[in-house]
Structure formats: C-alpha cells, structure tokens
Amino acid sequence: MCGIVGYVGDRQAAEFLLEGLSKLEYRGYDSAGIAVYNGENIRVEKCVGRLAALREKIKDDVPQGTIGIGHTHPHTDCSGDFVVVHNGIIENYLALKEELIEKGHAFKSETDTEVVAHLLEEVYNGDFEESVREVLRRIEGSYSLVFMCRQHPDRLICTKQDNPLVIGLGDGENFIASDIPAIINRTRRTYILNDGEMAVVKKDAIEITNRKGELVTKKVFEVNWNAEAAEKGGFEHFMLKEIHEQPKAVRDTMSQRIAKDGKRIVMNELKWNADFLNNFNKVYIVACGTAYHAGLVGKFYIEKLARIPVEVDVASEFRYRDPIVDENTLLIVVSQSGETSDTLAALKESKRRGAQTLALTNVVGSSIAREADQVLYTWAGPEIAVASTKAYTTQLILFFMLALYMAEIKGTLPEEKVAEFVGLLQQVPAQISETLSDVEPIKTFAKQYGFNEDVFYIGRSLDYDVALEGALKLKEISYIHAEAYAAGELKHGTLALIVEGVPVIALATQKSVYEKTLSNIKEVKARDAVVIGIAAAGDEELEKYVDHVIRVPETDELLIPILTVVPLQLLAYYAAITRGCDVDKPRNLAKSVTVE
Ligand code: F6R
C-alpha cells in the first residue's frame with residue numbers, strides 16, 4: 001500500500017507533500033508524484049524511482065501553491081482539471097473503463113485509479129461534493145481516495161473504504177494522510193475516518209458526512225505515539241502490526257479475484273484455458289524460507305484440487321541440480337520481496353530451459369515480477385519485519401485461489417464444490433480476526449515455555465507444512481532451537497529427543513489423519529513432553545490428550561492452515577519478547593536475501 005498525503009493551508013503545499021511522502025517511504029516505493037494547484041492549473045509532477053528522484057527533478061522549479069496531494073501515482077482526467085490519489089483496488093474498473101472509453105475518454109495508464117479521475121470528469125456537474133458522491137456510488141472495491149478539482153481550489157475531498165485515511169488538524173491548515181507517521185511532525189490532533197465517510201477539507205473547516213450525506217460529528221483523536229511508534233501503527237513491533245494486518249491483507253488479496261456471483265474465481269491477470277494447462281506435465285514451485293513453506297501448501301492445493309503433479313524445491317537447491325525443466329513445465333516462484341537472488345536465478349534458469357513462469361510476489365515492479373512471464377500479486381502491503389507473517393497467509397490464499405482456478409479450467413471439481421470453497425474463502429478474514437482476538441493464553445504459554453532451549457512441532461499432512469513454518473518463526477526471532485516433524489516420522493529417530501518437560505506443539509486439524517496424529521501425541525505424552533495442541537473449534541477430543549489447547553475457527557481442512565499459523569506466529573513473537581530479543585531485526589538475518 002502506498003502513501004497518500006494532502007495539504008490545504010497558507011504554506012507551500014509541496015513542502016509538506018514531500019515531507020509526508022518521505023515519512024512513508026520506508027514501505028518502499030517505485031515512484032513518487034505530487035499535484036499542486038498553482039492559481040490557474042493543477043500541476044502534476046511524477047517520477048519513477050525513489051522520492052529523491054522526484055526532489056531532484058523539481059529542485060529548481062518546485063510546484064508553487066497552497067493546496068495539493070501526493071502519492072506514488074497521482075492520476076488526472078483528460079482535461080487535467082481533476083486529480084485523484086488512491087490506495088486499494090477498484091474492482092469494477094474494467095467495466096467502467098470500457099464505458100468511459102466509449103464516451104471518448106483517453107487513458108494514459110492501465111491503472112484502476114485513472115478510471116476514478118475520468119469517472120469524476122464524466123459525472124461532474126459543477127458541484128464537486130455531489131459529483132464525488134456519484135463516483136462513490138459507481139465504484140466498487142476497497143479504497144482510500146483524495147480528490148482535487150481545479151474549479152474548487154479551496155478544498156480537498158477524501159473518503160475511505162477498507163483502507164486507512166486520517167485527517168490532521170492544523171491551525172489555519174489541514175493535512176490528509178493514509179498513515180499517521182506522515183503528519184506527526186505537523187500535528188497530533190486527528191480525525192480518523194471510518195468506512196463510508198467523506199470529508200471536505202478546507203484550510204479552516206472540515207465537514208464530514210456519512211454515506212447518506214448526513215453530517216457526522218467526530219471526536220478528535222490525539223496521537224501520543226512517538227514517530228517510531230506511529231510507523232508501527234501503535235504496535236510495539238512491525239511484526240505484531242503485520243500479524244494483526246492479516247485479515248485485511250487476506251481480504252485485499254482475494255478482492256477482484258472472486259466473481260460477482262461469489263461462486264467462482266476470476267484471475268484477470270492469467271486468462272488461462274484448458275489448452276494452456278494441458279500443455280504442462282509438471283508444475284514446479286520454487287522459493288526460499290517462508291515462501292517455500294507456502295509452496296508446500298500450494299503443492300497440496302494444486303494436486304488435490306487441480307490434479308496436476310507438483311514438485312516443490314528450495315531455490316538454492318533447485319538451481320544447482322540440473323532440474324528436469326522444459327517447455328512442458330510450469331514454474332511457479334514465490335517471493336514476498338521479489339528480490340531473493342536464488343529464487344530469481346531459479347526463475348531465469350527455468351526460462352532459459354523453456355518453462356512457462358509465474359511469480360507470486362508482494363512487491364510490484366520487483367525483479368522477480370519483471371522477469372516472470374506472468375505475475376499474481378499478494379496484496380499484503382509492505383512487510384517490514386524480517387520475520388514473514390502476512391506474506392505467508394496471503395501466499396496461501398493465492399495458492400488456494402490459483403488451485404481452484406486451475407480446477408475450474410480442468411473440470412476437476414464440480415461447480416458446486418468450487419462455489420462452496422469460494423464461500424469459505426470469504427469467511428477467512430473474519431476467522432483470522434477471531435483468532436487474533438484472544439492472545440492472552442498464547443502470551444502465557446510463551447512466558448511458561450519461552451526459556452526452554454528446544455521445542456518440537458508435529459503434525460501430519462497440511463499440519464506438518466504449517467509446523468515447519470511455526471518452527472521457523474520461533475527459531476528466527478527467539479533463537480530457540482525448534483524442529484518440525486511429520487508426526488509419523490517421530491519414531492524413526494526424533495522420539496529419542498522427547499524427554500520430560502520438552503514442549504511439543506501438536507497440530508491436529510486434518511480429519512483424514514486425525515486418529516494417526518492422536519496416536520503420535522500419545523507417544524510424546526508417554527515420554528512426559530508438555531503438549532500444546534492446535535485444534536479446530538468443536539474438537540472436544542484433543543484436550544483429553546494434551547496439556548493445553550489453542551483453538552481456531554472451524555473451516556474446511558484445506559483452509560485451516562491459514563488460521564493455525566496465526567497462533568504459531570504469536571507464540572514465536574511472545575517467546576521472543578519473553579527472551580528480550582530484537583523481534584523486528586533478528587540477529588544475522590536480512591529481510592531480503594539478495595546475495596547467494
Ligand atoms: C522467514 C523469512 C524468510 C523469507 C525468505 C524468502 O520469516 O522471512 O525465510 O521467507 O528469505 O524471502 P522472499 O519471500 O522475499 O523471497
């Protein structure tokens with residue numbers, strides 16, 4: 001998610017716009033732009049690259065004016081009278097774009113945001129507020145939006161739906177931003193907009209109305225965070241913030257990819273057909289670390305739903321072992337950053353051998369996104385903490401949707417089953433929120449067991465894949481030695497390590513192997529391990545065999561990994577806190593591994 005900033009007052013707008021964007025730049029942008037009304041026109045200056053490139057571009061000719069907005073990409077209509085900045089996704093933009101092209105609008109980009117600018121131009125009737133309302137009636141999706149209009153140079157209009165937007169209250173000036181860090185140097189008095197609210201912001205007045213146009217009286221929210229806390233949205237660490245962002249990250253990743261009737265998956269980015277898919281005799285999923293763990297779940301989904309054989313490999317192994325890859329291979333690389341060097345090299349090597357390539361990544365314009373033939377983005381927003389959390393859950397969501405999409409094309413699942421899965425998918429964000437609503441027991445376990453030197457994670461089937469991710473999280477941020485085992489493998493060696501008091505996290509959510517997992521749990525209990533079971537709500541059985549149970553909401557066993565990983569992330573987080581570790585920057589690790 002990019003940063004949005006806006007200013008109206010008596011000072012030079014560009015000054016605040018550049019400062020505000022710089023405060024949000026830690027999220028990593030590929031471009032920057034500002035739009036300022038100069039008394040006659042709205043002047044837009046944009047530049048590819050970091051904010052420094054924009055500063056350099058305009059240093060001798062800074063746009064002059066006391067009202068303006070900024071973002072990575074401010075968009076204008078045909079006339080240049082309307083400028084819009086937008087975070088989020090306009091789901092029906094393609095249909096709107098077609099309609100607007102028919103009416104003679106000329107588009108300069110492929111973005112959904114530009115559609116909003118042209119739509120405003122189209123419906124504009126001289127009344128700025130009313131015209132914006134008409135735009136809002138027509139667009140669907142999630143957004144925070146700020147509008148600027150040459151004919152009304154005393155005001156900015158902003159609104160939001162499922163994306164944050166805050167108004168900073170100054171003295172004879174007001175500020176708008178997508179996030180508090182952008183305004184904290186200027187004011188601590190804010191209005192936090194709620195979904196559906198629209199604000200008309202002038203230098204000395206702010207009028208907020210709800211969807212029906214009724215006036216809303218808002219309380220001033222005093223920000224008492226310091227600048228660092230503000231970047232973390234009030235959370236103690238980026239990791240905790242990102243864990244809590246998962247409901248939204250997952251919702252954003254799904255949006256635009258579910259058909260209007262709520263029964264099918266649409267992947268406008270891919271447009272695959274049966275011929276395309278039948279060409280492949282194998283799918284490879286290649287990635288590193290957490291992304292590799294997501295790939296393991298991805299394999300399960302694709303094989304189970306679309307019935308195509310899948311191999312998963314860590315990129316650093318794959319690239320050096322002369323893999324059997326040719327034009328009948330579909331290579332899927334997974335990478336949050338899109339910059340991991342081994343993953344990028346594996347992608348290049350596979351392309352050289354003729355494979356079709358698809359990237360699942362979170363960073364628009366990253367090296368992997370540019371190199372792959374096709375890209376599916378996880379819309380998780382910037383992930384700052386070294387330990388990956390929301391990237392993993394969004395990768396799982398994307399893999400599940402991709403597998404359903406492939407299954408629909410190949411006809412391996414009946415329509416009703418696809419519809420049922422799509423229905424369950426839509427419940428996931430709320431179910432993650434529910435999982436996040438009660439962290440106290442997890443904190444207690446972390447305090448109780450956070451000083452153990454070894455922890456084991458066990459599970460079967462998809463539970464094993466999640467166990468691997470849970471163990472990695474614990475290792476990397478708390479430095480506790482953690483190992484994940486396929487529960488059935490225990491007695492082939494590892495059981496020797498299970499002695500009195502050793503914590504074992506046992507995942508038991510997969511119905512097909514439930515009894516088998518229970519018998520493995522009994523084996524470790526018999527050696528006096530302390531067992532924390534992870535179960536689905538409604539499971540009354542597990543608690544009889546374990547010391548503690550953490551429950552997640554009930555869903556299909558294919559989707560449950562997206563829920564069970566959440567307590568494991570929290571357990572790792574609170575264990576690291578218990579041990580006084582630097583959660584966001586664990587020792588020896590970098591966020592993005594761009595060297596071999
Ligand atoms: C673990 C973690 C790493 C990354 C790995 C791949 O929490 O963050 O294991 O998952 O370095 O990074 P990306 O996904 O950027 O390719």
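In listed order, ligands and their atoms are each counted from 1.
Annotation: atom 14 (O) of ligand 1 to nearest protein heavy atom, Gln336 N, 2.6 Å. Scanning all protein heavy atoms for the shortest distance to atom 12 (O) of ligand 1 gives Thr340 OG1, 3.4 Å. Atom 2 (C) of ligand 1 has its closest protein heavy atom at Thr290 OG1, 3.8 Å. For atom 11 (O) of ligand 1, the closest non-hydrogen atom of the protein is Val593 CG2, 4.2 Å. Considering only non-hydrogen protein atoms, atom 5 (C) of ligand 1 sits nearest to Cys288 O, 3.6 Å. When only non-hydrogen protein atoms are considered, atom 15 (O) of ligand 1 lies nearest to Ser337 OG, 2.6 Å.
Near Ala291, the atoms of ligand 1 lying under 4.0 angstrom from a non-hydrogen atom of the residue are 10 (O), 14 (O). If you number the atoms of ligand 1 from 1 as listed, the ones under 4.0 Å from a heavy atom of Glu476 come out as 1 (C), 7 (O). Within ligand 1, the atoms closer than 4.0 Å to a non-hydrogen atom of Ala387 are 7 (O), numbered from 1 in the order shown.
At least one heavy atom of Val386 sits closer than 4.0 Å to an atom of ligand 1. Proximity of Lys473 to ligand 1 is established by a heavy-atom distance of less than 4.0 Å.
Not counting sequence neighbours, Asp438 has no partner by the salt bridge (charged side-chain N to carboxylate O under 4.0 Å, His left out) test.
Between Trp272 and Tyr405, the ring-plane angle classifies as tilted under the 30° and 60° cut-offs.
Side-chain contact, Glu339 with Ser367: a donor N or O sits under 3.5 Å from an acceptor N or O. At a cut-off of 3.5 Å, with distance as the only test, no side-chain donor of Thr111 or Thr113 sits close to an acceptor on the other residue. Side chain to side chain, Trp379 and Gln256 fail the donor-acceptor criterion of an N or O pair below 3.5 Å. Counting only N and O atoms by type, the side chains of Glu383 and Ser388 include a donor and acceptor under 3.5 Å apart.
At a heavy-atom cutoff of 4.0 Å, ligand 1 is contacted by no atom of Glu339, backbone or side chain.
Between Val566 and the options Ile442, Thr435, Leu571, Ile550, a side-chain contact (heavy atoms from CB on, under 4.5 Å) holds for only Thr435.
Aromatic pair Phe400/Phe421: ring centres closer than 6.0 Å.
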